[in-house]
Structure formats: C-alpha cells, structure tokens
Undergrad: 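Quick one: this structure, given as structure tokens, is what I'll be asking you about.
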Amino acid sequence: MGRISDNSDNSDTVFSGAESETVIALIPHPSTPSAGLQIHVQARRRDGVVSLEYRVTGPVAAVRLPDPAARVRTDGLWRTTCFEAFAGRKAGYAEYNLSPSGAWAAYGFEGYREGMQPLEQAAPMIVMRQTAETVVLTADVTLPADADGRIGLTAVIETLDGAISYWALAHPAEKPDFHHPDSFILILPETCA
C-alpha cells in the first residue's frame, strides 16, 4: 500500500511506498480556487510504463468534463479539465495530457519549455469513471527510454461556472507552471515484476 502526503507546505519530500507504488495529494495553486475538491493520484512505474489513477472527490457535479471523444492525439487538452504527467529525462522532459474525453497528447521537450515535439508512442488507454462524489481517470503512459525517474503530476480542473484551478505536487512559481523543473518532485523507481 502506498502512502499519502498532502505536501501542503511544500517542505516534505515525496516518497514511494512499498513496491514503488505511491498515493499522493495534489494541491491547488494558491492563486486558483479549489472549489471544495480534493485530488489524489496513485502512481506505479513498471517496465517503462507509469500507471496512474487520478481521483477527484468533493462536489464533482460542478466539474466540467469534456464530452467523450475518440482516443486520438489532440492538442490543447489543457484548456479544460485534463490530467497531466511530466517525466524527467536525461536531457529535457516529457509531458502527457490525458483527457476524460479519451483524447490524449504526448510531447518531448529539450529544455524548459524549449524544443517541443510530439512524443511518438501508442495511444494510452484512458478509462474514466464518475459517481455522484468521485471522478476517476486511469491511464498507462509509456515513458521515454531515457526517463530518469523524476515525475510531476498535475491536473487542470474547470468548473461549470468557467473557473479553472491548477493542481500539482508542488507550485514553485508565483503563477501556475507545470513545466517548472522544481515541480517534478516525485521519484518513482522502477518496480520489479
């Protein structure tokens, strides 16, 4: 079983639980509203794949969810409710956008917001479930071969009134910035099979 850390004061380091499975709370950026929501992510890395389960709880009826769509690569998913992951690499990093609609995107960057290119990989399987109190998105993303184990987990949540909140493991900048290297604070070692 993993461990939960709310990391609310950004002083704790994020750590892995048994079997390199981690459950961690995302925190909203101080400049954006939480709308009474909470987000936890369960993550595990095995055979070059990170398995993610994002769980949003609270007044989820107020969350704007995109309509179901084909499982295709799509740019601009972050403009509404979207779950994201970042993976550090020996040079640069990778970004994954996972929409509750089923659409997805993956990008490679050579440096901080520089040299963005589509990251070639198979479409991740995205499963979305919703109840009156919970929205759950699960996905497996394939890491680049040179992934170094540093992970950033993030979410963009839009509510029906148009308010947007930005959630991450840490917010090292004055404005929301998921690409900031100091937000890749989860160290997720490879799990043995």
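Bear in mind the structure is a predicted one, so any value in this text is a computation, not a measurement.
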Undergrad: Does His179 have any ring-ring contact (aromatic ring centres under 6.0 Å, His included) partners at least two apart in sequence or in another chain, and if so, which?
TA: Phe86, Tyr93, Phe109
Undergrad: In this structure, would Phe184 and Val50 fall into the same cluster of hydrophobic residues linked by side-chain contacts under 4.5 Å?
TA: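 No, separate clusters.
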Undergrad: Any donor and acceptor pair, going by atom type alone, linking the side chain of His29 with main-chain N or O of Ala168 inside 3.5 Å?
TA: no
Undergrad: Treat each ILVMFWY residue as a node, draw an edge where side-chain heavy atoms are under 4.5 Å apart, and state whether Val141 and Leu186 are in one component.
TA: yes
Undergrad: Taking Arg64 first and then Asp161, would you say they form a salt bridge - that is, a charged N and a carboxylate O separated by under 4.0 Å?
TA: no
Undergrad: Step through the shown structure and confirm whether more than 12 heavy atoms of other residues, nucleotides or ligands are within 6.0 Å of CD on Glu53.
TA: yes
Undergrad: Would a hydrophobic clustering, with Ile, Leu, Val, Met, Phe, Trp and Tyr connected at side-chain separations under 4.5 Å, put Val41 with Ile157?
TA: yes
Undergrad: Show your reasoning for whether side-chain contact (heavy atoms from CB on, under 4.5 Å) applies to Glu110 and Met116.
TA: CA-CA 7 Å; Glu110 295 173 2; Met116 182 177 102; over 6 Å; no
Undergrad: Measure the shortest side-chain to side-chain distance between Thr134 and Val60 over non-hydrogen atoms and say whether it is less than 4.5 angstrom.
TA: no
Undergrad: Please tell me whether Val156 and Ile39 are part of a single hydrophobic cluster in this structure, the criterion being side-chain heavy atoms less than 4.5 Å apart.
TA: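 No; tracing contacts between hydrophobic side chains, which count when under 4.5 Å, never links both residues.
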Undergrad: Any non-hydrogen side-chain atom of Trp167 less than 4.5 Å from a side-chain atom of Leu37?
TA: yes
Undergrad: With no hydrogens and no angle check, is any side-chain donor or acceptor of Arg71 less than 3.5 Å from a backbone partner on Ile126?
TA: no
Undergrad: So which pairs with a foot in residues 81-99 pass salt bridge (Lys or Arg N to Asp or Glu O under 4.0 Å), sequence neighbours left out?
TA: Arg89-Asp146
Undergrad: Do Thr57 and Arg55 have side chains that get closer than 4.5 Å, going by heavy atoms?
TA: yes
Undergrad: Determine whether a donor-acceptor pair (N or O, by modelled atom type, separation under 3.5 Å) exists between the side chain of Thr74 and the backbone of Val72.
TA: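 Judged by distance alone, yes, a pair lies under 3.5 Å.
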Undergrad: State, yes or no, whether a side-chain contact exists between Pro33 and Pro28 at a heavy-atom distance under 4.5 Å.
TA: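 Pro33 vs Pro28: side chains apart.
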Undergrad: Hey, quick one: are Phe178 and Leu77 part of the same hydrophobic cluster, counting side-chain heavy atoms closer than 4.5 Å, chains of contacts allowed?
TA: no
Undergrad: Give the C-alpha distance, both sets of side-chain angles, the deciding distance and a yes or no for side-chain contact (heavy atoms from CB on, under 4.5 Å) between Tyr107 and Asn97.
TA: CA-CA 9 Å; Tyr107 308 98; Asn97 298 163; 3.7 Å; yes
Undergrad: Between His171 and Ile27, is there a side-chain heavy-atom distance shorter than 4.5 Å?
TA: yes
Undergrad: Verify whether one side chain among Thr81 and Glu158 offers a donor that lies under 3.5 Å from an acceptor in the other.
TA: no
